[in-house]
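Presented below is the structure to which this report refers.
Only this structure's heavy atoms are used, side chains among them; waters, hydrogens and symmetry mates stay out. Numbers restart at 1 for each chain; the letters A, B, ... are given by sequence-line order, proteins then strands.
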Amino acid sequence: MTIDGRNHIELLKATRIEVAETLEEAWQILASDPTVVTVAGNTAAQLDWQKTGWPETVLDLSRLGGKARGVARRPDGSLWIGALTTLTEIRDDPVVGSLFPALAATVSRIGSPAVRASGTIGGNICRMSGCAVPTLLALDAILTIWDDSGFAEQPLLQWLASRSTECHRAILVGLALPPPPTHVAAEKIGLRQGFAPSVVGIAAALRSGSDRQIGAARLCVGAGVKPARLTSTENWLTGRRFDDVAWHELRDRLVGEIVAEDDEHRSGRYKRLAAANALLCALGIKADQPRSRHRYAIPSFRAPVFPQNLVSRSASPSWPVRPDIECKVSGSLQYLTDYRRDDMLVGRVLRAGVPHAKILDLDVSKAERLPGVRAVVTARDVPGLNAYGVLVQDQPALCFDRVRYEGDPVAAVAAVDAATAARALALIEIEYELLPVVDDVRSAMLPDSPQVHEGGNVLDDDRYVRGDVESAWASCAHIVEDTYTTPRQMHAFMETEGGFARPTADGGLEIFVGAQANTRDRMQLARILALPEEKIRVVSSPTGGAFGGKDELTIQPPLALLALKAGLPVRLHLNREESTIAGWKRTPLTIRIRSGCDHEGRLLAQEVDLLCETGAYSSWSIAVSHAAMAQGCGPYNVPNVSLRGRTVYTNNGIAGAFRGFGVNQTVFAVEAQIDRLAEKVGLDRIAMRRLNLRKPGDPGVFGHTMSGSERLEDVLEHAAASDIWHKSRGPDPAGRVLTGVGVALVCQPVGLGSRVPDDGGGRLSLLADGRIEAAFSFDEFGQGVTALIQASVADALGCARADVAPVVGDTDAAPDSGATIASRSTTIVGQVARQLAPRMRAKILEQAGLMLNRAPTGLRIGHGGIYDSADSSVLSFAKLAAWLSPDRLPSETGTVSFPKNDSRHRNTLFMHSYAAAIARISVDRMTGIVRVLEIDQHSAAGPVMDPPGYLGQFEGGNVQAMGFTLLEDTLIKAGTFLSRNLDNYLIPTCPDAPAQMRTYAVQALDPEDRHGPRGIGELSIGAVAAAINSGVAEATGTWFTNLPLEPETILDSLEATAVS
Amino acid sequence: MKPITFRLNGDQVTFVGDAQTPLIDVIREQLELTAAKVGCGIGRCGTCLVLVDGLPTNACMLGLYRLHGRSVITPEGLSDVREGRAVRAALVAEVSFQCGYCAPGFTIAATALLLKTPTPDEEEIREALAGNLCRCSGYLAIVRAVQKASSLLEPAPDGDQRLEFHNCGPKQQTNATESARKSHP
């Protein structure tokens, strides 16, 4: 088969690629052309080239053989490593492993398996910043270099120094390591555990001396800082006795000698401190043991009323596999971004590129004239309302007068291929008048702040007061007040926003884009396009992850406009950088809380003032603010309450819906306050909660009614009885790691609330092939609604799961179920199934009776078909369906209302689910880095309908919450995104995940509870950050208030407490 | 424009075009092999993983010039690899994925691990999967599946098919690429 890439794939700039198989060939090519750039594995260089463009000529050295590749022991006892040896080959080499285990270990922490499989040791050295460099320096590596004068040897240290001052054309052939030192140790301090960008790397080696006396030392840094040997400290150290070296003195010398710059993630100061600490550890010089400040209480527990069970494959009576798992694993499932057709154009969106500006002129004529361009759209092409928004329609489909954040869409093009579309974007001319940037939520509220929208930057200011907080403070024995902040977490769904659209013959549109609310999207698109809703079909599943990040229009407006204008199908798929800049994030919250209790620990007053930064547009943030306010007292009874929530515009991207929706952010702050009061009172954390916990039937924080089946006490007592409390806590024997346990509670609302329409419909139909179709307009973005539909319908009807064919994510194929948000679909699906099942059963049995010529009484539905009273199968669904004419195939449609209370004065939530999370964490005293060792969740959300789905939601929620707590924040400076892709926006990897996660479920509902199982998508994330933070506080003795937890802040607090 | 010849899921293919064209564009845009995805485009998420001579490789960063004379297996091609079938079966049984967008990449990473280490321990599994991001699962369901995958391996056939990769492995590459071209201008 021949693939002709010439017409189909056009790169913007073609590069000549030379391949050398021998050193001589390589040198000839390199010497003959001064523009040639050499590469080997090309795992790093082309990342630079993505920004600068590929060089004119690239010389691929990766096929060099002979001396330049492989590991060999030389007669003089040294070890030769060819420069083209891959990192994987070095890691797996038995000689390296036995002689230089520190090098093997260093190499195994470079990049990912794919990086190590292609990346070479030579490439790592030539990048100077490579992670292997400090270790190689400590091992006195000598490089062999080929240039004009043939082979030459040069110590790595000298080569690094010369390379930074002169540009020398040469080929690195390999390196020699002299016989190993008596002691070598190396460490990489990374931004996370797996596939970690390096913050700083260190290595220490001792070449001679005894156990007690220090011989020639090598102290090296690099990988994040300029590679160097710390010769001054080395000299100071040489000849001293280990016992005489004062930890602090050596540390201060190291900190003074290391040179390190700030970067967007870590300060130079942190790098110096952490590197110095790690070097001391590498030398085996121990810091003083921290004094134990804690009692490490093991809480008492009371027997819970309702039992819990472990949700796991081995503990579950059944482990049904979800209907879409096989095609997902094999890769045969086509996502909406995977569709290709010959006549399909490629769309691209032009983003503002500046955070705040007036559009003076927009000229697309050059782009329109470019051959291959089929449509260019701007605000002038919007036939209807050029505005959308779930709550406030303040966001333009395409900007017309102003741009308000870097990712604002200004124009879009559709062209015959991606390269033409990219060229066309570059031809669009915009003239801006730059406006002052509003980049801070507090200054945005000042009266003289520039305005992001007319009408001021405070979009919403909501207050709720009950009792008398001011006079209550006087009667409080203990008061804690602090301000907590939460990060701009990115959803980081693996499938970025995308899909395709095609015009229909009747002037309408079909649009296929992964999303979470197809019927609402259709309504908003109809308004923008000035089309009746009936002419628009929205298909929104399958979707490669959403988490709230697709719960509003994403690329649909420009995509729809392009398809209609071009009159052809158009596909559009954001690349990760565009997705990062354009998409909304978790609303960052600044939460000031003052909490007071009496001598015994009874909460008397709670004052919460929170700021929600919504960024450039309102999206969902007002509702996030209100949901956060509703969590202002957590699940505790407080007699005097004052709550205030303000939603504020800035030019820092957009914020909106994200799994948890203001709840997990606020729980983090409120739970910390409870723990801190408990400390003051002298109660353990469980006892403090038990004392203040709301009781079933108590009114909610706004005085509203809440549903039955409350299980807060149960999940709390199950957590109190956990074996985690008995595991080791405190400093480890080596004195480097501190371990702590934290616990937190969440009472997670489900549904949209009392004042919001919250109905959902569904349909059951017997298909001609005998399957029972269950149609809901809900979306399948991974959360498992298809498995839930199978489970719920099978449960209600009595058939097998395999008999049920779920249909989702299509406005034309299913009744309106409402949006797939707010953990609401479990309830809707369950109630629709229970509502329709009796009617559907009656119809099926009636038809079966007709077919079998017998009375339907005594017949029942079972797995695969109809059974008689003796439990014998009498008729399969397939046979019944084949016998029926199409118009007699039973079908039932119904709608249910999500259970609500009757509060009208404000939107309040009736139904909830409950969880207590326990996290055991460790803190590295030398680096301030926190690791989560294990997380248990004790949950209560009614019957577990689909055990793998339930477990998956909790395990995934834990790790996503862990990222929120420890790693993730979208960095924006003066309105410009610093975080632009997954290389500097870091989500947890597999090695970051806790060693153990257990999920327990209290399944019983109250006998009179008819509401059925509750959704758990958000429950799973609600209490985790608070639990981790509580564990860190136990381990360190300090309360941290800003997420993600900064290693530098933790390090400083440990330093401060060690000194005091 | 010298043609570049390599094996793709067992078939010999020849590519004519710019040698720096990343493999992911060829398989997704021209051959409609869409199991491998583009999640980041910079080799940081693993959704585009393929096997090159049995080793995991990011297809978004894999210029075709590197493939001349080599053997590529995309996630679709794992049905012909014993380790790949075991990995898939284990991931299905464990219900390891939710949205599934990352799943094909994980099947490649796990297959690469089993090709090299048939009975890996948990730490080896976690490190082998470190280049693949999953935002839904929390990873442990994937780790559990890979732990079980070894036990699902079919007996090795005569003339173990892994040789297909090992013969082409980097160290022996010289023979396999004797006809390899020195220049793909």
Side-chain angles (χ1 to χ4, degrees), chain A residues 1-6 8-9 11 14-19 21 43 46-47 54 60 62 65 112-114 117-118 194-195 321-322 325-326 328-331 333-335 338 340 492-495 544-545 575-576 781-784 948 952 955-956 958-959 981-983 987 989-991 993 997, chain B residues 11 13-21 25-26 29-30 32 34-35 39-45 47 49 55-58 61 65-66 75-76 88 91-92 94-95 97-104 107 109 126-131 133 135-141 143 174 182-185:
Chain A
M1 176 174 48
T2 297
I3 309 159
D4 189 344
R6 284 168 299 186
H8 294 273
I9 298 159
L11 298 172
T15 291
R16 198 163 63 95
I17 294 172
E18 301 281 352
V19 180
E21 287 184 4
T43 55
Q46 61 176 307
L47 292 179
W54 278 56
D60 174 26
S62 67
S112 65
S118 296
F195 200 177
V321 302
R322 50 188 290 162
I325 189 70
E326 283 202 49
K328 284 178 170 173
V329 168
S330 70
L333 176 69
Q334 275 195 298
Y335 292 82
D338 287 332
R340 301 290 180 267
F493 29 68
M494 294 317 298
E495 185 191 31
N575 64 37
R576 180 64 65 180
F781 38 76
Q783 87 284 26
E955 291 187 335
N958 287 338
V959 173
N981 203 327
L982 298 174
D983 56 343
I987 68 171
T989 66
C990 187
M997 298 191 268
Chain B
D11 297 331
V13 296
T14 301
F15 174 84
V16 184
D18 287 324
Q20 89 221 56
T21 305
D25 285 357
V26 174
E29 304 304 327
Q30 292 202 263
E32 298 193 25
T34 56
C40 70
I42 56 168
R44 289 298 177 274
C45 75
T47 56
L49 274 193
L55 297 174
T57 310
N58 291 115
M61 304 255 292
Y65 71 91
R66 288 178 61 85
E76 288 92 344
R88 282 183 180 180
L91 290 166
V92 167
E94 199 64 37
V95 199
F97 298 102
Q98 293 169 37
C99 91
Y101 201 74
C102 68
T107 63
R126 286 193 180 226
E127 190 45 46
L129 304 179
L133 298 179
R135 193 56 155 171
C136 301
S137 73
Y139 299 106
L140 292 202
V143 173
T174 343
K182 297 178 184 173
S183 177
H184 307 294

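- Of the atoms belonging to Thr57(B), heavy atoms from both backbone and side chain fall under 4.5 Å from chain A.
- Scanning all heavy atoms of the two residues, the minimum distance from Tyr335(A) to Tyr101(B) falls at OH-N, 3.1 Å.
- Annotation: side chain of Val329(A) is in contact with side chain of Thr107(B) (closest heavy-atom distance under 4.5 Å).
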Q.
I'd like to know whether Glu495(A) forms a side-chain contact (heavy atoms from CB on, under 4.5 Å) with Cys99(B), so could you lay out the CA-CA distance, the side-chain angles of the two residues, the decisive distance to 0.1 Å, and finally the verdict.
A. CA-CA 9 Å; Glu495(A) 185 191 31; Cys99(B) 91; over 6 Å; no

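- Contact between Glu127(B) and Pro991(A) at its shortest, heavy atoms only, is OE1-CG, 4.1 Å.
- For Asp983(A), the parts sitting under 4.5 Å from any heavy atom of chain B are the backbone and the side chain alike.
- Top candidate by heavy-atom pairs under 4.5 Å with chain B, chosen from Ala114(A), Gly784(A), Ser62(A), is Ala114(A).
- Top candidate by heavy-atom pairs under 4.5 Å with chain B, chosen from Glu326(A), Arg322(A), Gln783(A), Met997(A), is Arg322(A).
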Q: Begin from the C-alpha positions of Leu47(A) and Arg44(B) and carry the test side-chain contact (heavy atoms from CB on, under 4.5 Å) through to its verdict.
A: CA-CA 11 Å; Leu47(A) 292 179; Arg44(B) 289 298 177 274; 3.3 Å; yes

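- Chain B forms the most heavy-atom pairs under 4.5 Å with one residue out of Ser112(A), Gly65(A), Gly194(A), Gly544(A), and that residue is Gly544(A).
- Here Asp338(A) is the residue among Ile325(A), Val959(A), Asp338(A) with the most heavy-atom pairs under 4.5 Å with chain B.
- Here the closest heavy-atom approach between residue Ala993(A) and residue Tyr139(B) is recorded as CB-CD1, 4.2 Å.
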